[in-house]
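Only this structure's heavy atoms are used, side chains among them; waters, hydrogens and symmetry mates stay out. All values reported here derive from a predicted model rather than from experimental measurement. Letters go in sequence order (proteins before strands), and every chain restarts at 1.
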Protein chains: 2
Amino acid sequence: MNKPRLSESQEDYLKEIYKLEELNGRVGMQDLAKRLDVRPASVTGMVKKLVQVQLVEHEPYKGVRLTDVGEKIALEVLRHHRLLELYLANHLNYTWDEIHEEAERLEHVISEKFEAAIAELMDHPTHDPHGDPIPSADLKIPETPDLKPVSSLKAGSFSTIRRVMTQDKDILNMLSRLNLIVNRDIQVAGKDSSGVRLKVDEQQYFLPLSIANFIFVECDS
Amino acid sequence: MNKPRLSESQEDYLKEIYKLEELNGRVGMQDLAKRLDVRPASVTGMVKKLVQVQLVEHEPYKGVRLTDVGEKIALEVLRHHRLLELYLANHLNYTWDEIHEEAERLEHVISEKFEAAIAELMDHPTHDPHGDPIPSADLKIPETPDLKPVSSLKAGSFSTIRRVMTQDKDILNMLSRLNLIVNRDIQVAGKDSSGVRLKVDEQQYFLPLSIANFIFVECDS
DNA sequence: CATTAATATTAGTTTCAACTAAATATATTA
DNA sequence: TAATATATTTAGTTGAAACTAATATTAATG
Ligand SMILES: [Mn+2]
Ligand SMILES: [Mn+2]
Ligand SMILES: [Mn+2]
Ligand SMILES: [Mn+2]
């Protein structure tokens, strides 16, 4: 009857399955292996155990999917992770590129009490510093306005950065120095096939698509 | 040349060896086993590994002792633990009886950055909420005035609680409700062979020795 | 459609940190 | 001192979670 507490590893599997499923539907062993930095054979092994305890469903050679219970746990871990990222940034002076690694370890270790305490302290935030939605205490994903990649806007248009979808430390570090961070208002000053020119705070910068593609915005209405 | 990062388990062994060594000198397998909630055979096994990497010295059948390097690591973990306890109490509204368990897990997982951030935030404190000394950033134990068990004072004498040496949740919870906490001024209102009567804040309570023995005070000069 | 390439699974190993049961060493005391 | 009790160590097991090497399945392509 009582859930026997998952291992750190199992929690990471569930979390990554959730994120991949969100992007591509059914999740292949290969992708999962890449994300978890582990060999595909190891994934097959762990997936078997997770099937045993009914946290995922697996059709051999087709892929895995979370069960409802599995998804609950994934969301719980994701909530820990994202609350922690925001907390580290807001209360302990972590920079954008430092928060992910620390949250990756802490997420498995903090109690519900800790989770509640920092959520309370930050007044129950809905988005982390990357703009990723933070599942609520009852594990619902908050509504998010629909976002477009900045590279899809036409020259001249105004918008607000709402999400930056990478954990690459170098990119995050660079973008934060340029003030290209979540909730900043920007204008697309120009664009060509190789990238976009963005205006922020009277400055402007040309970003190649390899970087610009990570930036998602809400357009001014 | 490079230290290969210890396991959580190894860190706990070093920390407990440190604390026991502080009390009794050389540390027996039995005591260590009791503290770590593990069988003596397991201790022998782990001690062997720690000897291999020269973090402890072991004379079979006589006991273990930390090497200088081992002590450094123990102090590092202890610093994490005690900084965390204070942080949880001061910034996240944890009660006295809740802090230990959470710190016990977090201590192995926070980075040096996290350690530095909370130390800074709390202005480099020297003692945790139990009155235990917090090793400094360079791992020195701060000077502490010498303390006496409150049960050793004579009736009528005034003093200040400076340390409460137990992690028992029920006792801590009770003492904190009675305001018998670190840095509180008290008077010994009376005593007999079974315990002491303490006066705090116009209230007074009789504590049996089984509890009073955990309370250490600094006497008014 | 027959090969080749890409993915996934199986079988067997390794490392870690615990465990039990049995043997050995030290300490206590009759 | 001999007998008993306590403490410690040894030997062998277990369960997680990774690994490698080999095999099997599915997908892509000439
Ligand atoms: Mn993250
Ligand atoms: Mn993680
Ligand atoms: Mn503690
Ligand atoms: Mn611990």
Would you mind writing out the side-chain donor-acceptor pairs for residues 26-51 of chain A within the sub-3.5 Å range, not counting sequence neighbours?
from	atom 1	to	atom 2	distance (Å)
A:R26	NH2	A:E59	OE2	3.0
A:R35	NH1	A:E16	OE1	3.3
A:T44	OG1	A:P40	O	3.3

Which side-chain N or O atoms in residues 141-149 of chain B pair as donor and acceptor under 3.5 Å with protein atoms at least two apart or in another chain?
from	atom 1	to	atom 2	distance (Å)
B:T144	OG1	B:P142	O	3.3

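Rounded to an integer number of Å, the gap from A:K48 NZ to C:dA8 C1' is 11 Å. Atom CD in B:E11 sits roughly 11 Å away from atom P in C:dA17 (whole-Å rounding). Atom NZ of A:K49 and atom P of D:dA16 are 7 Å apart (whole Å). Atom P of nucleotide C:dT15 and atom CZ of B:R5 are separated by 21 Å, given to the nearest angstrom. Whole-Å rounding puts the B:M46 CE to D:dT8 P distance at 18 Å. Here D:dA17 presents its P atom at 14 Å from CD of B:E8, a figure rounded to the nearest Å. Taking atom CD of B:Q52 as the reference point, atom P of C:dC16 lies 11 Å away to the nearest angstrom.
Between A:S9 and the phosphate of D:dA18, there is a side-chain N or O to OP1/OP2 separation shorter than 4.0 Å. Look at A:T44 and you won't find any side-chain N or O under 4.0 angstrom from OP1 or OP2 of C:dA8. Considering only side-chain N and O atoms, B:K62 lies nowhere under 4.0 angstrom from the phosphate OP1 or OP2 of D:dT8. A sub-4.0 Å separation between OP1 or OP2 of C:dA8 and a side-chain N or O of A:H58 is absent. Side-chain N/O atoms of B:R39 include one lying less than 4.0 angstrom from OP1 or OP2 on C:dT20. Side-chain nitrogen and oxygen atoms of B:S7 include at least one within less than 4.0 Å of the OP1 or OP2 phosphate oxygen of C:dA17. Phosphate proximity of C:dC16 to B:Y13: absent, as no side-chain N or O sits under 4.0 Å from OP1 or OP2.
Side chain to side chain, B:D12 and B:H108 meet the donor-acceptor criterion of an N or O pair below 3.5 Å. With 3.5 Å as the limit, one finds a donor-acceptor pair spanning the side chains of A:E102 and B:S111.
Between the A:R82 side chain and the A:D128 main chain, no donor and acceptor come within less than 3.5 Å of each other.
In terms of position along DNA chain D, the nucleotide closest to A:S42 lies nearer the 5' end than the nucleotide closest to the other residue of the pair A:S42 and A:P60.
The heavy-atom pair separating B:W96 from B:S176 by the smallest distance is CE3-CB, 3.5 Å.
Salt-bridge formation is detected for the pair A:R5/A:E11: a Lys NZ or Arg NE/NH1/NH2 atom is positioned less than 4.0 Å from an Asp or Glu carboxylate oxygen.
Residues of residues 26-38 of chain A having a heavy atom closer than 4.0 Å to DNA chain C, listed by number: A:G28, A:M29, A:Q30.
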